[in-house]
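Take a look at the structure below.
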Number of protein chains: 2
Amino acid sequence: MAFTIAKLADAGGVGVETIRFYQRRGLLDVPKRNSGDGPTGGARRYGQDDVRRLRFIRSAKTAGFTLEEIAELLRLDAANDRARARDLASARILALDAKIAELQAARASLSRLSKACARQQGGPCPILDAFAGD
Amino acid sequence: MAFTIAKLADAGGVGVETIRFYQRRGLLDVPKRNSGDGPTGGARRYGQDDVRRLRFIRSAKTAGFTLEEIAELLRLDAANDRARARDLASARILALDAKIAELQAARASLSRLSKACARQQGGPCPILDAFAGD
DNA sequence: CTTGACTCCGTATCATGGTACGGAGCGTAT
DNA sequence: ATACGCTCCGTACCATGATACGGAGTCAAG
């Protein structure tokens, strides 16, 4: 239940440097050092909660949130700011719908291109016009 | 029918600097100067074909190709390399399908989150768990 | 025949999201 | 008690896709 930074990185599927990067960006906080009996103190320890946050960050990135926005979402969670959270979610849903439609159109174009280029020789394989009409 | 770089940029919906950037990256070629009667020659002129390429670049980017890959596609078009073009298209279709599925899952999660956070007070608004199960 | 808009080109800078390096310190197993 | 591996931290660097800057040249209108 107490992770070193390397274990946390493993559990979250990221690298150690990424953890530190997220800490600098305010997405993860930096726990107190373990035992302050040396000039610099011991290693920092992480818990299950940090794993949760890390996984949230991964998913939120996939959803298209920027790290900046993810930092805000994490603050909203702490503050229990439902309204703002809902707004961010709604805005992202709209953006996702647009993005999905865009990708589906691109997919259709590529599918057409692929078919056209299938015939060995003869017939067109108009790469430059693949997206005509998009 | 003869564009200056600024007109080309307009027609392609990009900035002048972007055109030059694409030229450096080999996505667009650099036409000969117009009239070589000065120490440096006149301005370069662009045609409808450049507009076509520029639009292709835009669409191909949307489809998720990198500029590197787009440069290759443009070369393939010139070389009429059907097989390779088809391979690139197929690979991209697979990647697009994966991406679309991912975005749809994210959308569903956000939709759930948005609903949960809708109720003013009472009930959960579990931002951190929004993507649980993804 | 000058002014103003545009071009050319090299180089620098930006934003995003990391990844790497290097010199300390610390802690655990042998 | 000493060596090995991990940690800490600052700083530097990377890739991608642009975007900006500055000085010089050019061109067309007034």
Side-chain angles (χ1 to χ4, degrees), chain A residues 2-47 50 53-54 56-74 95 99, chain B residues 2-47 50 53-54 56-74 95 99:
Chain A
F3 298 83
T4 63
I5 195 169
K7 300 281 187 187
L8 174 61
D10 270 17
V14 302
V16 167
E17 300 298 336
T18 303
I19 306 272
R20 291 203 217 281
F21 175 68
Y22 288 165
Q23 291 175 332
R24 288 195 288 265
R25 300 294 292 276
L27 281 89
L28 295 175
D29 50 59
V30 182
K32 288 180 176 57
R33 278 164 183 271
N34 218 15
S35 49
D37 54 350
T40 58
R44 302 179 190 284
R45 296 298 165 148
Y46 300 85
D50 296 296
R53 277 167 172 260
L54 208 38
F56 172 76
I57 293 168
R58 257 205 331 199
S59 299
K61 274 200 312 165
T62 296
F65 288 107
T66 63
L67 294 188
E68 192 56 51
E69 289 170 326
I70 294 171
E72 177 170 11
L73 285 169
L74 290 167
K99 189 72 184 173
Chain B
F3 298 83
T4 62
I5 195 169
K7 299 284 188 185
L8 175 61
D10 270 17
V14 302
V16 167
E17 300 299 336
T18 303
I19 305 273
R20 292 202 218 280
F21 174 68
Y22 288 166
Q23 291 175 331
R24 287 193 289 265
R25 299 296 290 278
L27 282 92
L28 295 176
D29 51 57
V30 183
K32 289 180 176 57
R33 278 164 182 271
N34 218 17
S35 50
D37 55 348
T40 58
R44 303 179 189 283
R45 295 301 166 145
Y46 300 86
D50 296 296
R53 277 167 173 261
L54 207 39
F56 172 76
I57 293 168
R58 256 206 331 198
S59 298
K61 274 200 313 165
T62 295
F65 288 107
T66 64
L67 294 188
E68 192 57 50
E69 289 169 325
I70 295 171
E72 177 171 11
L73 286 169
L74 291 167
K99 189 72 185 172

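Here is how names work: the chains are called A, B, and so on, in the same order as the sequence lines, proteins then strands, and each is numbered from 1.
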**OP:** Encode nucleotides 11-24 of chain C as B, S and - characters from 5' to 3', where the letter depends on protein heavy atoms closer than 4.0 Å: B to the base, S only to sugar-phosphate, - to neither.
**Re:** B-----BBBBB---
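Between the P atom of D:dC8 and the NZ atom of A:Lys32 lies a distance of 15 Å, rounded to the nearest Å. For the pair B:Asp29 CG and C:dC8 P, the computed distance is 13 Å after rounding to whole Å. Protein atom CG of B:Leu28 is 15 Å distant from nucleotide atom P of D:dG17, rounded to whole Å. In this entry the distance linking CD of B:Glu69 with C1' of D:dG17 reads 14 Å, nearest Å. B:Gln23 has its CD atom 11 Å from the P atom of C:dG10, to the nearest Å. Remark: C1' of C:dC9 and CD1 of B:Ile19 are 16 Å apart, rounded to the nearest angstrom.
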Subject >> Chi angles and distances behind the side-chain contact (heavy atoms from CB on, under 4.5 Å) call for B:Leu67, B:Phe21 >> reply: CA-CA 11 Å; B:Leu67 294 188; B:Phe21 174 68; 3.5 Å; yes
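For the residue pair A:Ala9 and A:Val16, the shortest heavy atom distance occurs at CB-N, 3.7 Å. A pairwise comparison of heavy atoms in A:Leu27 and A:Arg53 identifies O-NH1, 3.6 Å as the closest pair. Between A:Leu54 and A:Leu8 the shortest heavy-atom distance is CD2-O, 3.6 Å. B:Ala71 approaches B:Arg25 most closely through the heavy-atom pair CB-O, 4.3 Å. Listed here is the closest heavy atom pair of A:Asp29 and A:Pro31: O-CD, 3.4 Å. The two residues A:Tyr46 and A:Thr4 make their nearest non-hydrogen contact at CD1-C, 4.0 Å.
Considering only residues two or more places apart in sequence or on other chains, B:Ala2 meets the side chain to side chain contact (heavy atoms under 4.5 Å, CB included) condition with none of them. Residues forming a ring pair (Phe, Tyr, Trp, His ring centres under 6.0 Å) with A:Phe56 (at least two apart in sequence, or on another chain): B:Phe131.
At least one side-chain nitrogen or oxygen of B:Thr4 sits closer than 4.0 Å to the OP1 or OP2 atom of C:dT7. An OP1 or OP2 oxygen of C:dG25 is reached within less than 4.0 angstrom by no side-chain nitrogen or oxygen of A:Arg44.
B:Arg20 comes within 4.0 angstrom of a base, heavy atoms only.
Counting only residues at least two apart or in different chains, salt bridge (Lys or Arg N to Asp or Glu O under 4.0 Å) contacts with residues 62-73 of chain A comprise A:Glu72-A:Arg84.
No donor-acceptor pair closer than 3.5 Å links the side chain of A:Arg45 to the backbone N or O of A:Phe3.
Over its full length, the helix from C:dC1-D:dG30 to C:dT30-D:dA1 turns its helical axis through 10°, comparing axes from the five pairs at each end and rounding to 10°.
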At a cut-off of 3.5 Å, list every protein nitrogen or oxygen paired with a nitrogen or oxygen from nucleotides 28-30 of chain D, distance to 0.1 Å.
none

